[in-house]
Amino acid sequence: MQMMTRDGLLEMELEEDDDDDGDIVLENLEQTIVSGFGSLESQQDFRTPEFEEFNGKLDSLFFNDGQRRIDFVLVYEDESRKETNKKGSNEKQRRKRRAYESNLICDGLQLEATRSLLDDKLVFVKVHAPWEVLCTYAEIMHIKLPLKPNDLKTRSSAFDNFNWFTKVLQVDESIIKPEQEFFTAPFEKNRMNDFYIQDRDTFFNPATRSRIVHFILSRIKYQVRDNVKKFGINKLVSSGIYKAAFPLHDCNFSSPSEDLSCPNERYLLYREWAHPRSMYKKQPLDLIRKYYGEKIGIYFAWLGYYTQMLLLAAVVGVACFLYGYFNQNNCTWSKEVCDPDIGGKIIMCPQCDKLCPFWKLNVTCESSKKLCLFDSFGTLVFAVFMGVWVTLFLEFWKRRQAELEYEWDTVELQQEEQARPEYEARCTHVVINEITQEEERIPFTTWGKCIRITLCASAVFFWILLIIASVIGIIVYRLSVFIVFSAKLPKNLNGTDPIQKYLTPQMATSITASLISFIIIMILNIIYEKVAIMITNFELPRTQTDYENSLTMKMFLFQFVNYYSSCFYIAFFKGKFVGYPGDPVYWLGKYRNEECDPGGCLLELTTQLIIIMGGKAIWNNIQEVLLPWVMNLIGRCRTVSGAEKKAPRWEQDYHLQPMGKLGLFYEYLEMIIQFGFVTLFVASFPLAPLLALVNNILEIRVDAWKLTTQYRRMVPEKAQDIGAWQPIMQGIAILAVVTNAMIIAFTSDMIPRLVYYWSFSVPPYGDHPHYTMQGYINNTLSYFNVADFKSKSKENPYTELGDYTTCRYRDFRYPPGHPQEYKHNIYYWHVIAAKLAFIIVMEHIIYSVKFFISYAIPDVSKSTKSKIRREKYLTQKLLHENHLKDMTKNMGVIAERMIAVVDNNIRPKSD
């Protein structure tokens, strides 16, 4: 080892720290790191890793000796070869790094440094954890390890009778062999003989070794000054002292390793999971979990299960859409709108002041035809079905998740999770634990915690208000630009110009507002992501799970308002409070409220959903594919042409993209937002599950391709479930029943049509001898006397359609001259009563079915419960028997020694 004098390196503690990379107060850090390998203070000299020349083995995962496995790689830029004049800053970074590496060596890790073949300024420090270190920290981290092979775990499937069909979809077991199952228990060094240790080199698999090493790297300090200690590889990377820190991929993704001992798991994952030709196959979840850890595995298990369930929803949604398509010809009210003798003779009142003209109803002919596709009886059936479907999905996922907890051995994971190093560093307040009555350290007092919660809640509330302000801005845009479109777009319908047929003022306003809304949503997303992370860091959650759950709730609350606010406005507010032509309602005292088309706002809501949902999916997929690929391409272009093939494994991985601190958080967020679109507003767009299904099939393979080919290997992490996303989905499922019922009642025209058909088409209110939809349009449009316009709107310059004494508008009011003119008529009150009754009945029916399904389907299947209990019993029995054997063996040894002593004492007397 290269040696440095202790005094030389301790100078760093006395210097002023100019770089503000965040001081963390840390008292008694050593209490959180139990190690038998000494500490910095107990060593006579500081040690640095040996420099070794690359041995030419490109696929090697070992040190130059070929024996010690590389568990982690640290990368830094040699300060002596940097092209910069900041010598003082470079010297500080060098000293911090050497102190850190010296502490790593003192803690038992073994380091070997190698210079880059492509850039001589880069140095790769390879980290190896010896057997003793692995055992020590496995016990500290409560890692479960194998006791003996388990022959109880037999997986059964509801599709076992269709093996002849599902075999095509399965991964070939001759290529990806099933993992051997074991009974496991938290590792203890004093019970090492109880564990299934056939080979010390393979007892800890690569993922577990990387986890342990990362745990150590995150808690080793590198500077101490005035009781202020800085520690952890994350801070060193963020401050630029190290360029990167990552575990190694085991081989190249496109070809297997030349090293016969390499399992080639990355190559197998690419070939059988990420490659497009494997798109129809099931995911190799066990191998994903083994290679990337349970946290990645549970995400892809959930995404795969969600996609499977979407298949059923998509089939029913397409059937409902086809029902509306084939029944277009029976859409009587649309025919009346398009009929020149009916819709062509109905003159509608201007929808804004001063600039808007009178217009004929048949201008909306094409939009009324499109509306027939979505506003049909099939939509009602589909909304009820989706209310049940979402419950089935959540309940069956809970069962699947419980099976994975058992199969992946994460049933008692909460006992394993350690506090975050950032939390440990802030633990300066001493309190008495109510349970143990012992002293423990916490980061802040109860009063301090209340202050932090108040500040964080205020910040979140402020940003939500900012989003609402942006929504108000979009509404003002709608109101303003509608006047412009009404003035500029053609007013006469001649049937030959496609623009006149499809681009009405309402449609033009809706499309442009949706596009602007989408752009604003994406911009606010970028800003708020940083703000949410800052707020969560200020909260200082204890564990990584607590941290992610807290961030999840903040991000989703923001995204919920950001993505869904415009849809809620169109569905439940637009066109609901407009008054009537003689007495319109004004927004902010200036802008006249928007009105819906004569057929309602359902088509506009559908347009908004298609633009936001489709645009978001396209943007995310392009970003996920192109961004890492372009970044890696730029990185390769900066190096020597073609040199990547000649570089060692660690150097190839370094030129890949880092995954980011939050891992798959944004992937979850993307899917949950999509889940909201599929469930909350599905009554307006039955094809939403089909779009989501197509997107998710691509999403699984894009994410798999991205992980295996474009990103460095992530540090494997444990996870028991999908975390806070589960209650979020349950909340969405409950809210979806209300939103869909209200969309059908208040946004679509289904209830008014049913009321007309059953009550107002026949006597005493109607003139038809039998139930019919004929006359519906005329019955739902009220009359207004042009002479009753207020002064500011009656002088309309656009009177090309002629001079009219009356015009029509969408509402249920008495005509001019009636004793209660312009008051709501009896039809209005019938419709309101029917809408409220429909909402109450639909909600109660669906909620009753949901609660019954939730009660009837247990979260954990009976077979899984039995397996968990059986395994726990056999594990305890095994440990108890081994303990008895050890005691019996020890007692036998003691008895033999006592007999020998007695014999030695008796024999001389007898002699």
Side-chain angles (χ1 to χ4, degrees), residues 317-339 342-344 346 348 351 359-383 493 498 500-511 513-514 567 569-572 574-576 594-611 613 681-688 739-740 742-757 773-781 808-812 831 835 838:
V318 170
C320 292
F321 176 79
L322 292 177
Y323 172 84
Y325 178 79
F326 289 116
N327 280 274
Q328 268 185 306
N329 295 331
N330 299 326
C331 194
T332 306
W333 58 273
S334 177
K335 291 180 179 179
E336 291 184 352
V337 171
C338 298
D339 192 339
I342 301 177
I346 295 178
M348 303 296 294
Q351 291 185 313
W359 52 286
K360 292 183 178 180
L361 181 62
N362 63 346
V363 171
T364 62
C365 176
E366 292 300 324
S367 62
S368 68
K369 290 180 180 179
K370 296 174 187 175
L371 194 59
C372 289
L373 298 174
F374 304 106
D375 195 0
S376 65
F377 180 74
T379 303
L380 171 61
V381 174
F382 188 57
L493 182 64
Q500 295 183 28
K501 294 177 65 176
Y502 296 102
L503 195 61
T504 62
Q506 293 91 343
M507 183 62 67
T509 303
S510 176
I511 293 175
S514 298
C567 295
Y569 165 73
I570 295 172
F572 307 124
K574 183 181 177 182
K576 305 299 185 295
E594 286 185 281
E595 296 182 30
C596 296
D597 277 338
C601 287
L602 189 69
L603 186 61
E604 186 173 348
L605 178 60
T606 304
T607 304
Q608 180 84 358
L609 281 174
I610 293 174
I611 290 177
M613 186 177 175
F681 307 101
V682 75
S684 65
F685 188 42
L687 295 181
T739 56
N740 284 300
M742 293 183 68
I743 286 173
I744 293 174
F746 292 105
T747 310
S748 78
D749 249 14
M750 184 175 297
I751 302 300
R753 289 200 301 269
L754 290 174
V755 171
Y756 176 81
Y757 182 84
M773 285 300 297
Q774 293 180 4
Y776 169 74
I777 291 296
N778 187 62
N779 195 269
T780 56
L781 296 176
R808 308 292 291 272
Y809 62 97
R810 175 183 165 83
D811 207 344
F812 307 109
V831 169
K835 287 181 176 181
F838 171 80

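When reading the values below, keep in mind they use all heavy atoms of this one structure, side chains included, and skip hydrogens, waters and symmetry mates.
One distance of note links OG1 of Thr364 with CG of Leu603; it measures 10.5 Å at 0.5 Å rounding. Separation of atoms CZ (Phe685) and CE (Met613) is listed at 7.5 Å; rounding is to 0.5 Å. Going from atom CG of Asp375 over to atom OG of Ser748 covers 4.5 Å, rounded to the nearest 0.5 Å. Between Arg753 atom CZ and Cys331 atom SG the span is 6.5 Å, to the nearest 0.5 Å. From Phe382, atom CZ reaches atom CZ of Phe321 across 12.5 Å, with rounding to the nearest 0.5 Å. Between the OH atom in Tyr569 and the SG atom in Cys601 there is a gap of 8.0 Å [rounded to 0.5 Å].
Counting heavy atoms from C-beta outward, Lys835 and Ile744 have side chains that stay 4.5 Å or more apart. The shortest side-chain heavy-atom distance between Tyr776 and Tyr757 does not fall under the 4.5 Å cut-off. Residues Ser684 and Phe374 are not in side-chain contact: their nearest non-hydrogen atoms beyond the backbone lie 4.5 Å or more apart. By the 4.5 Å heavy-atom criterion applied to side chains, Glu336 and Met773 are not counted as neighbours. Using a 4.5 Å cut-off on side-chain heavy atoms (C-beta onward), Phe572 and Ile743 make contact. The shortest side-chain heavy-atom distance between Phe746 and Ile751 does not fall under the 4.5 Å cut-off. Between Cys338 and Lys369, some side-chain heavy-atom pair lies under the 4.5 Å cut-off. Side-chain contact between Asn362 and Asp339 is absent, with no heavy-atom pair separated by less than 4.5 Å.
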**Request:** Could you check Glu604 against Lys574 for side-chain contact (heavy atoms from CB on, under 4.5 Å), going step by step and ending with a plain yes or no?
**Result:** CA-CA 10 Å; Glu604 186 173 348; Lys574 183 181 177 182; 2.3 Å; yes
**side-chain contact (heavy atoms from CB on, under 4.5 Å) between Leu380 and Phe838, worked out** = CA-CA 11 Å; Leu380 171 61; Phe838 171 80; 3.4 Å; yes
**Request:** Take Asn330 and Asn327 through the test side-chain contact (heavy atoms from CB on, under 4.5 Å) and record every step on the way to the result.
**Result:** CA-CA 5 Å; Asn330 299 326; Asn327 280 274; 3.3 Å; yes
**Request:** Please step through side-chain contact (heavy atoms from CB on, under 4.5 Å) for the pair Leu361 and Leu781, ending with a clear verdict.
**Result:** CA-CA 10 Å; Leu361 181 62; Leu781 296 176; 3.9 Å; yes
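In this structure, Thr747 and Lys576 approach most closely via the heavy-atom pair CA-NZ, 4.5 Å. Scanning all heavy atoms of the two residues, the minimum distance from Cys320 to Gly378 falls at SG-O, 3.2 Å. Considering every non-hydrogen atom in both Cys567 and Leu609, the closest pair reads SG-CD2, 4.0 Å. The shortest heavy-atom contact between Trp333 and Ser368 is CH2-O, 3.8 Å. The minimum heavy-atom distance linking Tyr756 with Gly775 is given by the pair OH-C, 3.3 Å. For the pair Leu371 and Leu602, the tightest heavy-atom approach, listed with the atom from each and the gap, is CD1-CB, 3.9 Å.
Within the 3.5 Å criterion, the main-chain N or O of Asn329 finds a donor-acceptor partner in the side chain of Lys335. In this structure a side-chain-to-backbone donor-acceptor pair under 3.5 Å is present from Asn740 to Ala683.
Ion pair Arg810/Asp749 flagged as a salt bridge, since at least one NZ, NE, NH1 or NH2 atom sits closer than 4.0 Å to an Asp/Glu carboxylate oxygen.
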